[in-house]
Amino acid sequence: MTWSEGGTGQIALPYPFYIDIVTKRYFDGVDNKTLAQVLDCFSADAVLTEVTSNTVHTGRDAGIRAMFEKLFTDFSSIWHGNFVHTADPQSNAVCSQFTVLITPHGGGELRYENCNRFYLKDDKFHRVYVYMSGDNLLQPGDA
Amino acid sequence: MQYEPGLSRGELIHLATQKYFASVDAKNIDATLACFQDEALFCVQTAFARHSGKAELRRMFEDFFGAWQTIVHHDFTCTVDEKNARITASFEAVLTGHDGSVTRLSNTNFWRVRDGKFQEVYVYMSGGNPLI
């Protein structure tokens, strides 16, 4: 069966899995700049799209890796919190609202109110859509 | 905020896509407002815009309905958290101006439902905010 975002034929995972992969694995890895932990959440051919600027990062070990390497280099501190989730095992998807506090090197702290939509293939993020309340911080990497 | 579950998965999807967006697209103000609790909160997060209560929502929707010749929301992908009375949907909004110009937005809405109606709505837009 062909995979589609939230489409039929998904295998439901336990409800806590969706909350935990978003908070305890993915954003914990982002906030602590643990690249391997972050990338382990994605399928090999995952695509991450920043919708508000239509920036597309393709491939876990290519575009997505380069994007996070740049993010981790450009910002001295990153924090995601105040989460509210819409978790849906039936469609193998989770959508999350959250606050971001992020500080660029040599700059002041920025506050964003963002959301992400995560569509899983098996137990990995396969398509991720990011909406930001300000300028896009997920720029293409230099790799 | 956490609200008691009530509507089923199908009822949540029907509320968001049929009762609400079908009413918006039909510019039916009373049917649109009937989807909201009296003290509902409506936030456009990507524009830092907030509207609270039926009076503010009525004014916002009346302005929105008047600003565009046609309003179409379609291509919904719904994510449903029935046990927590939440639903999220991605969709395309196609707004046609009175001069014929067309604005297309790829948006995401988060709804938190209390007693069968929207208590909180959070909108994330891919472009400029028409809900002012």
Side-chain angles (χ1 to χ4, degrees), chain A residues 3-8 10 12-19 21-22 47 49-56 82-100 110-120 125-138, chain B residues 1-3 5 7-13 15-17 41-50 74-93 103-114 118-131:
Chain A
W3 184 91
S4 63
E5 296 168 6
T8 57
Q10 308 275 356
L13 298 165
Y15 184 92
F17 180 91
Y18 298 94
I19 311 301
I21 191 174
V22 170
V47 178
T49 301
E50 204 289 313
V51 182
T52 36
S53 65
N54 196 28
T55 305
V56 180
N82 299 336
F83 293 101
V84 179
H85 306 282
T86 306
D88 186 358
Q90 183 171 319
S91 67
N92 206 17
V94 54
C95 302
S96 303
Q97 300 174 263
F98 50 89
T99 300
V100 185
L110 306 172
R111 179 180 178 123
Y112 283 69
E113 298 296 335
N114 292 357
C115 80
N116 283 14
R117 303 195 329 260
F118 303 93
Y119 300 100
L120 283 71
F125 299 154
H126 196 50
R127 295 290 182 270
V128 179
Y129 297 90
V130 180
Y131 289 74
M132 292 196 176
S133 63
D135 292 339
N136 178 25
L137 304 177
L138 301 176
Chain B
M1 184 67 76
Q2 181 68 54
Y3 301 113
L7 300 184
S8 68
R9 178 186 190 86
E11 288 169 333
L12 286 165
I13 293 172
L15 173 62
T17 63
L41 182 66
F42 187 107
C43 299
V44 183
Q45 296 291 74
T46 41
F48 297 103
R50 175 177 296 187
H74 69 138
D75 284 350
F76 298 102
T77 299
C78 294
T79 304
V80 182
D81 195 330
E82 183 180 317
K83 291 181 179 176
N84 289 294
R86 299 177 194 145
I87 175 170
T88 299
S90 67
F91 54 89
E92 184 182 52
T103 298
R104 294 180 181 274
L105 299 169
S106 296
N107 294 353
T108 296
N109 279 21
F110 288 73
W111 293 276
R112 301 179 198 172
V113 177
R114 180 174 69 83
F118 302 146
Q119 180 64 50
E120 300 174 49
V121 182
Y122 298 88
V123 182
Y124 299 80
M125 295 191 175
S126 65
N129 174 29
L131 301 174

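Note that these values count all heavy atoms, side chains included, but never hydrogens, waters or copies made by symmetry. Quick note on labels: first sequence line is chain A, next is B, and so on, each numbered from 1.
- The minimum heavy-atom distance between B:Asp81 and A:Ala87, with the atom names listed, is OD2-N, 3.0 Å.
- Contact of B:Leu105 with chain A is not made at all, since no heavy-atom distance falls under 4.5 Å.
- Of the listed residues (A:His85, A:Met132, A:Glu50), the greatest number of heavy-atom pairs within a distance under 4.5 Å of chain B belongs to A:His85.
- The candidate with the highest count of non-hydrogen atom pairs below 4.5 Å against chain B, out of A:Ser91, A:Cys95, A:Gly7, A:Ser4, is A:Cys95.
- Residue A:Thr86 holds its OG1 atom at 11.0 Å from CG of B:Asn109, rounded to the nearest 0.5 Å.
- Between the side chains of B:Tyr124 and A:Asn114, not a single donor N or O lies within less than 3.5 Å of an accepting N or O.
- The line from CD of A:Glu113 to SG of B:Cys43 is 9.5 Å long, rounded to the nearest 0.5 Å.
- Ranking B:Gln45, B:Lys83, B:Arg9 against chain A, the residue ahead of the rest is B:Arg9, based on heavy-atom pairs under 4.5 Å.
- The part of A:Tyr119 that comes within reach of chain B is its side chain, from C-beta onward, which places non-hydrogen atoms under 4.5 angstrom from that chain.
- Taking the side chain to side chain contact (heavy atoms under 4.5 Å, CB included) definition, one finds that B:Pro5 meets it with nothing, sequence neighbours left out.
- Taking all atoms of both residues into account, the shortest heavy-atom contact from B:Ser126 to A:Val51 is CB-CG1, 3.7 Å.
- Taking the side chain as every heavy atom from C-beta outward, B:Tyr122 and A:Cys115 never approach each other to under 4.5 Å.
- Remark: the backbone N or O of B:Thr79 is not paired with any side-chain donor or acceptor of A:Asp88 at under 3.5 angstrom.
- In this structure, no portion of A:Tyr129 lies under 4.5 Å from any heavy atom of chain B.
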Query - Test side chain to side chain donor-acceptor pair (under 3.5 Å) applied to B:Thr88 and A:Arg117, step by step - result: CA-CA 9 Å; B:Thr88 299; A:Arg117 303 195 329 260; over 6 Å; no

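- Using a 4.5 Å cut-off between heavy atoms, A:Thr49 makes no contact with chain B at all.
- For A:Gln97 and B:Arg112, the side-chain atoms include at least one donor-acceptor pair closer than 3.5 Å.
- Few gaps surround CD on B:Glu92; more than 12 heavy atoms of other groups in view lie less than 6.0 Å from it.
- Considering only heavy atoms from C-beta on, B:Thr46 comes within 4.5 Å of A:Thr52 through its side chain.
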